[in-house]
J.: 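After the structure tokens below, expect a handful of questions from me.
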Protein chains: 4
Amino acid sequence: MAPRTKDQNKEIRETRRKMIMQAALELFSKEGYHSTSINGIAKRAEISKGLLYNYFESKEELLKIIIMEGIMEMENMMVIPPSESVSKSDLIYMIDSVFERLSSQKEFWMLFSSVLVQPDVLEIVSGELGVVLEGLLKEMEDYLRRSGSPSPREDAYVLGALFDGISLNYFINPEGYPLESVKNRVKEIFVR
Amino acid sequence: MAPRTKDQNKEIRETRRKMIMQAALELFSKEGYHSTSINGIAKRAEISKGLLYNYFESKEELLKIIIMEGIMEMENMMVIPPSESVSKSDLIYMIDSVFERLSSQKEFWMLFSSVLVQPDVLEIVSGELGVVLEGLLKEMEDYLRRSGSPSPREDAYVLGALFDGISLNYFINPEGYPLESVKNRVKEIFVR
Amino acid sequence: MAPRTKDQNKEIRETRRKMIMQAALELFSKEGYHSTSINGIAKRAEISKGLLYNYFESKEELLKIIIMEGIMEMENMMVIPPSESVSKSDLIYMIDSVFERLSSQKEFWMLFSSVLVQPDVLEIVSGELGVVLEGLLKEMEDYLRRSGSPSPREDAYVLGALFDGISLNYFINPEGYPLESVKNRVKEIFVR
Amino acid sequence: MAPRTKDQNKEIRETRRKMIMQAALELFSKEGYHSTSINGIAKRAEISKGLLYNYFESKEELLKIIIMEGIMEMENMMVIPPSESVSKSDLIYMIDSVFERLSSQKEFWMLFSSVLVQPDVLEIVSGELGVVLEGLLKEMEDYLRRSGSPSPREDAYVLGALFDGISLNYFINPEGYPLESVKNRVKEIFVR
DNA sequence: AATGAATGAGAGTTCATTCAT
DNA sequence: TATGAATGAACTCTCATTCAT
């Protein structure tokens, strides 16, 4: 029998890779990074422990890749054409899309928030992460400047913090959190 | 030598208890809950591992007590006389005092934020914590209502989230964070 | 395309077999038996792990075959026509050829020495090896007897041990070892 | 009840330390470094796996310490007062004592030889070892010079190699090896 | 009250080997 | 013939907790 073709293998690898990352994301976000065991991830992904190491060289690398790919995905979504000015509706659109992502990518954001506040875990991703976050902040500042904010840098910090804080509170108790009315209030406050 | 009196003993116990809690707080916030070992705490508190268990029955209980006592201490500070109305200067005072505490009790807030976003760790304290947080939120809502906010509940959520988010961002990189100008911007936005 | 003839197939098999053995020898001697992985051998031989098992049924068998074929090759070289007597120049020739082989077949001798002193590894080859070594010793004893040694058995042991010891020391630090002057001293001592 | 005194603890620690080292030496030499598991060592020393790590911080460190302490012990025995000259009987005494140690400290020497020829294992101890071995060689050279050897450096190498080789052969098959008659032949050859 | 030696369950990781293709 | 995805047993090491003293 002929061996698998390279394409077949590539597909298998890509599928498995995603399965593992999905399983890990679910557990990391549900149980926390430290409380999630490689064993648990493997079981949820329905593979053997050993195979996981065929795809990711360590638990740390697995986390790193999940975070980095997640951030990049988000960045791609966030990119706004650097047009002359940013209208009110642009701002509203941005706020809407951030809130939308909060629920549609809940697990990723829970994991991400939790990574940020655990010094030991943050260190794992910090190398790659620092640069990316700087970029995001800059972009938001630029965005706010073009939308006419009098102090875009401070507003970027405030808005960034606000989003982080809302995620945080939302994730602690998703069912009980009035996401919709909070979103509306945010619009009232920041879009004039 | 006369044996120690009961009072002396009680005092020694109380001192040690605080020392252990302080050591644990420092390590929990600096290294993360999971990465902090009982051994490390005992060493920092300059006692033996065994003795630590004489004061706290487990690592989990130690965390729980640190968090609960910290929250209570904060609540005491926050209590505002339920006067008829809240003036602009009252609001400013509140914002100032929150920011002030961010730096003066940095370690506690770092730990607290990190507990909130780690489901496995949150579970340890969740029983007791839920009630307390509800209370805080209610209090802030009440406060904002009396200060004339048109939607005090939403504003309480927004302001609460904002404080959480700012802490979070501040703690990740305390030196680089423009705490002062962010504080001023918050005042501009929320105090009209 | 015509299918490969049987001869061609056989030739390919033989070539591959040697490539695998060469790769394994290099790694075994450079990294040690246990620290060498099947994966590493396969990569160095530029074949797949699976194919390796088509040629050798286990890592142990691979080692066994490398050692046995190496010894046999050496034996062939060593064979001396059982003439009546052995002259001084014969002895010198033997010593020279042993030393020559030390450097020309360094990898094999390194592996061989290391196998001898690792009980767990020795066990893998011991069955087949014992007999062969006995033979070598006998042959050397005979050789020395014919060269006029007063105690050929003991001299065989001494000379054998000396060669082993020199290899060992030489291999630990090939660049720093004064192989040439040691060889000359050995000749002075043993050839009178 | 009072806690143990420092002296009591020190004694306990010293005893256990030796027990663990003895168990490890036996297994390392009998099974080989890689084939010996921490579990096995702990079992033989009749302690728990965890406790072993209370005494030695890793398997590698355990090996390193066994080797270094063994070498030092040997060096102490070897030290010869740097008198003007070395007599025949001094040389004989040295040879005797080397051979004596071969059997009395068999396990250590088996381990030591095996470490020398396993590059991966050698690396573990190489840092500390290199210096020590240089010293030994120098000492033997000096010794031979004072005993009147015409080429002390080469003789030191030859004698060193001879001892190594004899150990090696002896250890492979201790029962069958004619240690006594080999020793006598060595004396005949090297003591004139 | 106080110590730290001791335990043991469970963690992350490696690797020879198998097997579907 | 040839591949490399997949397995699982075994490994080293960690740490909260207990307990004899």
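Order of the sequence lines sets the chain letters (A, B, ...), proteins ahead of strands, with each chain counted from 1.
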J.: Separation of K6(D) atom NZ from dG4(E) atom P, in whole Å?
T.: 7 Å
J.: Between atom CZ in F28(A) and atom C1' in dG12(E), what is the gap in whole Å?
T.: 12 Å
J.: Could you state the CG-C1' distance from L52(B) to dT3(E), rounded to the nearest angstrom?
T.: 13 Å
J.: Using a 4.0 Å heavy-atom cut-off, does T15(D) contact any base of the nucleic acid, only the sugar-phosphate backbone, or nothing at all?
T.: nothing
J.: Evaluate whether atom CD of E123(D) has more than 12 neighbouring non-hydrogen atoms of other residues, nucleotides or ligands under 6.0 angstrom away.
T.: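 Not more than 12 within 6.0 Å, no.
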J.: Quick one: L51(C) CG to dA5(F) P, roughly how many Å, whole number?
T.: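 Rounded to whole Å, this separation is 16 Å.
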J.: Whom does dA20(E) pair with, Watson-Crick or G-U wobble, provided both distances fall under 3.5 Å?
T.: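 Matched dA20(E) with dT3(F) under the 3.5 Å cut-off.
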J.: Taking 4.0 Å as the cut-off, does a side-chain nitrogen or oxygen of Y55(A) come that near to OP1 or OP2 on dA5(F)?
T.: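 Answer is no, no contact under 4.0 Å.
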J.: Any idea which of dT7(F), dA16(E), dT13(E) is nearest the K59(A) side chain?
T.: dT13(E)
J.: Side-chain contact test, heavy atoms from C-beta onward, threshold under 4.5 Å: evaluate it for K59(A) versus F28(A) and give yes or no.
T.: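 They are in side-chain contact.
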J.: So, does N39(B) get its side chain near the phosphate of dC15(F), meaning an N or O under 4.0 Å from OP1 or OP2?
T.: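 No, no such contact exists.
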J.: Reckon Y53(D) has a side-chain N or O less than 4.0 Å from the OP1 or OP2 of dC13(F)?
T.: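 Checking dC13(F) against Y53(D), a side-chain N or O does come within under 4.0 Å of OP1 or OP2.
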J.: 5'-most contact on DNA chain E: N9(D) or N54(B), nearest heavy atom basis?
T.: N54(B)
J.: Using purine N1 to pyrimidine N3 plus N6-O4 or O6-N4 for Watson-Crick, or N1-O2 and O6-N3 for G-U wobble, both under 3.5 Å, which nucleotide pairs with dG12(E)?
T.: dC11(F)
J.: Report which part of the nucleic acid I12(A) touches: base, sugar-phosphate, or nothing (heavy-atom distance under 4.0 Å, all strands).
T.: sugar-phosphate
J.: Is there a side-chain polar atom (N or O) of R16(D) under 4.0 Å from OP1 or OP2 of dA6(E)?
T.: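 For R16(D), the contact criterion (side-chain N or O under 4.0 Å from OP1 or OP2 of dA6(E)) is met.
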J.: Does K49(B) make a side-chain N or O approach to OP1 or OP2 of dG4(E) shorter than 4.0 Å?
T.: no
J.: Measure from CG on L62(D) to P on dC13(F) and round the result to the nearest Å.
T.: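 Taking CG of L62(D) and P of dC13(F), I get 10 Å after rounding.
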J.: Looking at R13(D), does any N or O in its side chain come under 4.0 Å of the phosphate oxygens OP1/OP2 on dA5(E)?
T.: yes
J.: Report yes if the side chains of N54(A) and R13(A) come closer than 4.5 Å at any heavy-atom pair, otherwise no.
T.: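 Yes; the side chains approach each other to less than 4.5 Å.
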J.: Nearest heavy atom decides the nucleotide; on that basis, is E57(A) or I47(B) closer to the 5' end of DNA chain E?
T.: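 Looking at the nearest nucleotide for each, I47(B) comes out on the 5' side.
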J.: Which part of the nucleic acid, if any, lies within reach of S48(A) when heavy atoms closer than 4.0 Å are counted: base, sugar-phosphate only, or nothing?
T.: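 S48(A): base contact, heavy atoms under 4.0 Å.
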J.: Report yes or no: is the cationic atom of R16(D) (NZ for Lys, CZ for Arg) under 6.0 Å from the centre of the six-membered ring of Y55(D), at an angle within 45° of the ring normal?
T.: no
J.: Nearest whole Å is fine: how far is dA16(F) P from E61(B) CD?
T.: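 Rounding to the nearest Å, CD of E61(B) and P of dA16(F) are 15 Å apart.
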J.: Looking across every strand, which nucleic acid part, if any, lies under 4.0 Å from T5(D) by heavy atom: base, sugar-phosphate, or nothing?
T.: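 Contact class for T5(D): none.
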J.: Output yes when E61(B) and K64(B) qualify as a salt bridge under the 4.0 Å nitrogen-oxygen rule, no when they do not.
T.: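 So E61(B) does not pair with K64(B) through a salt bridge.
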J.: Do the charged groups of K18(C) and E69(C) touch, with an N to O distance under 4.0 Å?
T.: yes
J.: Please report the distance, rounded to the nearest Å, between CG in L27(C) and P in dA16(E).
T.: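 My rounded result for the distance is 12 Å.
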J.: Measure the distance from CD on E60(C) to C1' on dC15(E) and round it to the nearest whole Å.
T.: 14 Å
